[in-house]
Protein chains: 4
Amino acid sequence: MPEKSPKFRRRAEARPDEVLDAALELFLERGFAATKVDDVAKRAGVSKGLVYLYFPSKEALIEAIVLRAVTPIAERAIGEITHFQGNPRIAISTVMRFLVSRLSDPQVMNVPRLIFREVAQFPHIAQMYRRDVLDKMIPVLRARLQRGMEEGYLRPHDPDLTLRTVVGPLILHVLLSEIFGIEPEGGLALDRLVENHLSILFDGLSVRGERS
Amino acid sequence: MPEKSPKFRRRAEARPDEVLDAALELFLERGFAATKVDDVAKRAGVSKGLVYLYFPSKEALIEAIVLRAVTPIAERAIGEITHFQGNPRIAISTVMRFLVSRLSDPQVMNVPRLIFREVAQFPHIAQMYRRDVLDKMIPVLRARLQRGMEEGYLRPHDPDLTLRTVVGPLILHVLLSEIFGIEPEGGLALDRLVENHLSILFDGLSVRGERS
Amino acid sequence: MPEKSPKFRRRAEARPDEVLDAALELFLERGFAATKVDDVAKRAGVSKGLVYLYFPSKEALIEAIVLRAVTPIAERAIGEITHFQGNPRIAISTVMRFLVSRLSDPQVMNVPRLIFREVAQFPHIAQMYRRDVLDKMIPVLRARLQRGMEEGYLRPHDPDLTLRTVVGPLILHVLLSEIFGIEPEGGLALDRLVENHLSILFDGLSVRGERS
Amino acid sequence: MPEKSPKFRRRAEARPDEVLDAALELFLERGFAATKVDDVAKRAGVSKGLVYLYFPSKEALIEAIVLRAVTPIAERAIGEITHFQGNPRIAISTVMRFLVSRLSDPQVMNVPRLIFREVAQFPHIAQMYRRDVLDKMIPVLRARLQRGMEEGYLRPHDPDLTLRTVVGPLILHVLLSEIFGIEPEGGLALDRLVENHLSILFDGLSVRGERS
DNA sequence: TATGAATGAGGTTTCATTCAT
DNA sequence: CATGAATGAAACCTCATTCAT
């Protein structure tokens with residue numbers, strides 16, 4: 001016998017999260033602009049009005065999604081990278097592998113996918129993401145590279161530019177897959193990418209003795 | 001009835017291009033969605049109806065913009081990279097410097113900027129861009145890396161993944177600036193970025209003898 | 001289980017009135033349409049549901065407000081005007097001064113202010129007001145004017161039209177202030193208005209001997 | 001054979017006025033809030049979009065209606081009242097009779113009726129009306145009363161308050177009819193009202209020798 | 001009694017596109 | 001070729017009201 005399904009069901013508890021889950025699904029399936037608030041409500045099994053009870057606008061949905069997912073990961077990564085002493089190679093490798101392990105969980109990966117797709121249309125979200133994630137992570141990474149140089153582990157370089165070399169390949173990898181559907185043979189293979197990249201990052205692509 | 005003056009005829013022939021110029025400007029200023037066809041027409045100094053005489057829809061404008069700008073650069077880069085024999089370090093460095101010189105021209109830079117911003121919303125454009133640019137450039141770059149490895153210039157690596165290490169940092173650099181307004185102190189400095197990156201790319205970040 | 005204290009019980013009994021007080025305040029501050037039932041409930045310190053327990057609809061609130069306030073004043077004025085014998089100048093002057101004294105109490109004044117603002121939108125209220133106030137006061141005033149004429153105190157006139165001359169200036173005075181924010185220098189000054197008006201009403205504006 | 005009725009008819013000329021006519025009709029029939037823009041469009045025989053081509057918002061419709069109707073009458077009245085020299089009785093009587101003659105045209109009367117009904121809900125309109133009409137007419141009338149006093153035609157009084165005695169009865173007369181449906185036996189009879197009122201206004205209600 | 005979570009109808013406004021002229 | 005008046009679908013959001021608890 002099926003559960004009774006009255007017009008009014010009171011379940012204050014997890015409702016906002018269920019709405020966000022539905023929204024995330026739909027935003028990824030159809031894009032933010034093409035998703036109606038009514039669709040989100042229906043998928044979450046609630047009424048349109050209830051969505052507006054929890055979130056003041058459609059845009060607030062995307063913000064809440066990002067906020068919910070992004071903060072814990074960023075904090076974890078920052079903790080990770082400041083934790084390791086000595087050769088920054090260990091710290092950076094560990095953090096990148098941690099990031100990859102998180103991104104490999106499709107559930108977790110969905111949010112960066114959403115950000116890639118929609119952030120350019122929502123300066124508000126871009127600013128939020130910058131404030132909550134980038135402005136925290138970039139200084140930490142830059143400082144780690146700087147210290148690695150000062151402690152003699154790393155060759156002279158400009159840490160501010162180098163961090164782009166550290167992270168850029170990962171971003172491009174995801175971007176090519178997400179936006180253009182371009183993946184290496186055998187699937188995304190984030191772990192293989194990272195190993196290949198780390199090896200080049202620290203040891204260079206040239207054979208020994210080639211250094212100019 | 002007298003012939004129209006050549007001056008007038010030339011204007012008429014250049015009309016579609018003027019419309020595209022206006023559209024590109026506005027799409028960058030306000031974004032595609034926030035730009036009205038009427039705005040494009042006004043900026044181009046024509047009527048709304050005329051825009052529809054040249055282009056069947058608003059989306060066709062963005063496609064035409066991309067098409068017009070992207071093809072010549074891609075072809076040039078491909079020619080460049082296959083031209084250099086011997087150590088691929090020369091080829092890759094030359095091509096990246098060429099790309100940077102092109103991107104430093106704000107006029108040229110505008111189109112990639114537009115693509116970054118809008119491509120995620122237009123799968124159609126993404127496919128077009130993939131077909132006309134990526135599917136041509138990626139195999140060439142991959143082949144060059146492969147040959148460099150086979151000829152003993154480069155250490156063993158997966159060329160398909162390595163090309164992400166080669167290009168990713170440049171992409172991230174532009175992206176951080178374009179989407180999040182994050183630039184190194186002293187401005188974009190694409191050339192400094194490339195030099196810093198190429199040095200790491202070929203020689204690694206670790207000091208000599210650190211190789212693991 | 002102990003009896004609830006009388007204090008609590010009295011509160012419970014006064015609840016509907018407290019709701020009306022809150023509603024009146026808010027309707028005047030923001031207007032009827034712009035006031036949400038939830039706002040009324042919050043200001044009254046009760047829940048939205050309770051408001052609907054006492055009043056069947058939002059519109060019922062405004063009706064109850066008017067009903068509660070209007071009846072006693074109207075009855076008092078009617079009593080007043082029929083009380084005075086002889087020269088109706090005394091009766092009319094006394095009643096107008098009484099009205100002014102009541103209207104000068106901001107607490108009392110609020111309800112006519114609300115009516116001025118909202119009555120046009122609510123034919124229902126207009127009818128109620130007509131039935132409970134106007135249809136009682138107008139005939140009394142008209143009869144008084146009629147008798148004053150018959151008894152030789154007043155010149156010949158049409159009492160039905162004259163009553164508009166008697167009351168109109170007071171209405172316009174409040175209206176200008178309430179709707180358009182137009183007041184004489186020195187504030188509303190209802191008493192000065194009435195004295196100026198009564199003097200003209202009975203003796204005319206023209207200097208003696210000017211009668212045409 | 002009926003006129004061809006193509007989907008697109010080009011008739012830029014009188015369109016805005018036709019839209020305003022339709023809007024006025026509907027606002028009076030149903031009230032502003034209860035009238036949908038779509039209704040206005042349909043009654044005017046155009047599309048909803050066209051309404052927004054001429055008027056930026058629904059509220060702009062009511063503003064345009066008031067502006068269109070009110071300005072010429074106000075200007076005419078002001079001219080009238082400043083025109084007459086000598087005894088202000090002539091000036092005031094003439095103007096009031098002029099106003100009555102205008103208001104007796106149902107076409108013209110509609111706009112004041114609309115204002116009475118809706119002005120309280122739209123502070124914007126109230127301000128506009130005050131600026132364009134009241135702030136022009138009141139000073140003129142006050143000055144005329146002042147001069148009449150100085151020149152010895154009128155007894156001492158406060159012109160700022162007296163003008164409320166002059167105009168208030170007319171306003172109340174229309175208001176009683178419009179809002180409450182209260183009219184003297186025999187219909188509105190604006191002209192009878194004015195004659196009754198003017199007689200009282202200048203000569204007073206009391207019989208001669210009664211002056212207190 | 002009392003609560004407040006939940007509902008859902010309803011209307012303004014925008015703007016890509018069309019087509020009579 | 002060129003215009004710009006005209007169309008109308010589409011969607012966000014509000015809020016009075018309901019009812020399970």
Side-chain angles (χ1 to χ4, degrees), chain A residues 4 6-13 15-16 33-42 45-61, chain B residues 4 8-9 11-12 15 33-42 45-61, chain C residues 4 8 12 15 33-42 45-61, chain D residues 4 6-13 15-16 33-42 45-61:
Chain A
K4 203 178 76 179
K7 199 173 170 189
F8 285 76
R9 221 183 328 165
R10 304 190 122 236
R11 293 241 330 281
E13 334 109 31
R15 278 292 160 78
T35 301
K36 290 170 246 178
V37 174
D38 219 358
D39 298 337
V40 174
K42 279 202 185 78
V46 301
S47 73
K48 198 181 0 168
L50 192 61
V51 174
Y52 281 94
L53 197 64
Y54 295 130
F55 305 96
S57 72
K58 186 183 170 188
E59 203 169 321
L61 286 173
Chain B
K4 283 201 197 103
F8 266 37
R9 213 147 8 120
R11 268 194 60 82
R15 281 283 171 77
T35 300
K36 295 170 228 172
V37 174
D38 218 1
D39 298 335
V40 174
K42 277 202 185 77
V46 301
S47 74
K48 203 183 352 174
L50 195 54
V51 172
Y52 278 91
L53 201 63
Y54 297 134
F55 304 96
S57 73
K58 188 184 171 187
E59 199 173 337
L61 286 173
Chain C
K4 282 204 198 99
F8 266 38
R15 281 284 170 75
T35 300
K36 294 170 230 173
V37 174
D38 216 0
D39 297 336
V40 174
K42 279 202 184 78
V46 301
S47 74
K48 203 181 352 170
L50 196 55
V51 173
Y52 277 92
L53 201 64
Y54 296 135
F55 305 95
S57 73
K58 188 184 170 187
E59 199 170 335
L61 285 173
Chain D
K4 203 178 76 179
K7 197 172 172 189
F8 286 78
R9 221 182 329 163
R10 305 188 120 236
R11 292 241 330 280
E13 333 109 33
R15 279 291 160 78
T35 301
K36 290 170 246 176
V37 174
D38 218 359
D39 299 336
V40 174
K42 279 203 185 76
V46 301
S47 73
K48 200 183 352 169
L50 192 62
V51 175
Y52 280 93
L53 198 63
Y54 295 131
F55 305 96
S57 71
K58 186 183 169 187
E59 203 170 320
L61 285 173

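The figures here come from the full heavy-atom set of this structure, side chains too, leaving out hydrogens, waters and symmetry mates. On a predicted model such as this, the values are computed, not experimentally measured, just so you know. Chain naming here is simple, since letters A, B, ... match the order of the sequence lines and numbering starts at 1 in each.
- With distances taken from any side-chain atom of D:S57 to the nucleotides E:dT13, F:dA2, E:dT7, the minimum falls on E:dT13.
- Comparing F:dC13, E:dT17, F:dT3 by their nearest atom to the side chain of B:V46 picks out F:dT3.
- If you check F:dT14, F:dA11, F:dT17 against the side chain of A:K36, the one that comes closest is F:dA11.
- Residue C:Y54 places none of its side-chain N or O atoms closer than 4.0 Å to OP1 or OP2 of E:dT1.
- Across F:dT3, E:dT3, F:dA16, the shortest atom-to-atom separation from the side chain of B:S47 is found for F:dT3.
- Interatomic distance, NZ of C:K42 versus NZ of C:K48, reported as 7.5 Å (0.5 Å rounding).
- Of all nucleotides listed (F:dA16, E:dA6, E:dA16), E:dA16 comes nearest to the side chain of B:V37.
- Remark: E:dT14 base-pairs with F:dA9. Criterion, Watson-Crick or G-U wobble with two distances under 3.5 Å.
- A donor and an acceptor atom never sit less than 3.5 Å apart when one is taken from the side chain of B:K48 and the other from the base of F:dT3.
- Look at B:R15 and you'll find a side-chain N or O under 4.0 angstrom from OP1 or OP2 of F:dA2.
- In terms of phosphate contacts, C:Y52 brings no side-chain nitrogen or oxygen within less than 4.0 Å of OP1 or OP2 of E:dG4.
- In this structure E:dT21 sits in a base pair with F:dA2, meeting the Watson-Crick or G-U test at under 3.5 Å.
- Computed from coordinates, the B:K42 NZ to E:dC15 P distance equals 12 Å when rounded to whole Å.
- With values rounded to the nearest 0.5 angstrom, C:Y52 atom OH is found 8.0 Å from C:K58 atom NZ.
- Nearest nucleotide to the side chain of A:L50, out of F:dA2, F:dA6, E:dT7: E:dT7.
- Mapping B:G49 and D:G49 onto DNA chain F by nearest heavy atom places B:G49 closer to the 5' end of the strand.
- In this structure, A:D39 atom CG and F:dA10 atom C1' are separated by 12 Å, rounded to whole Å.
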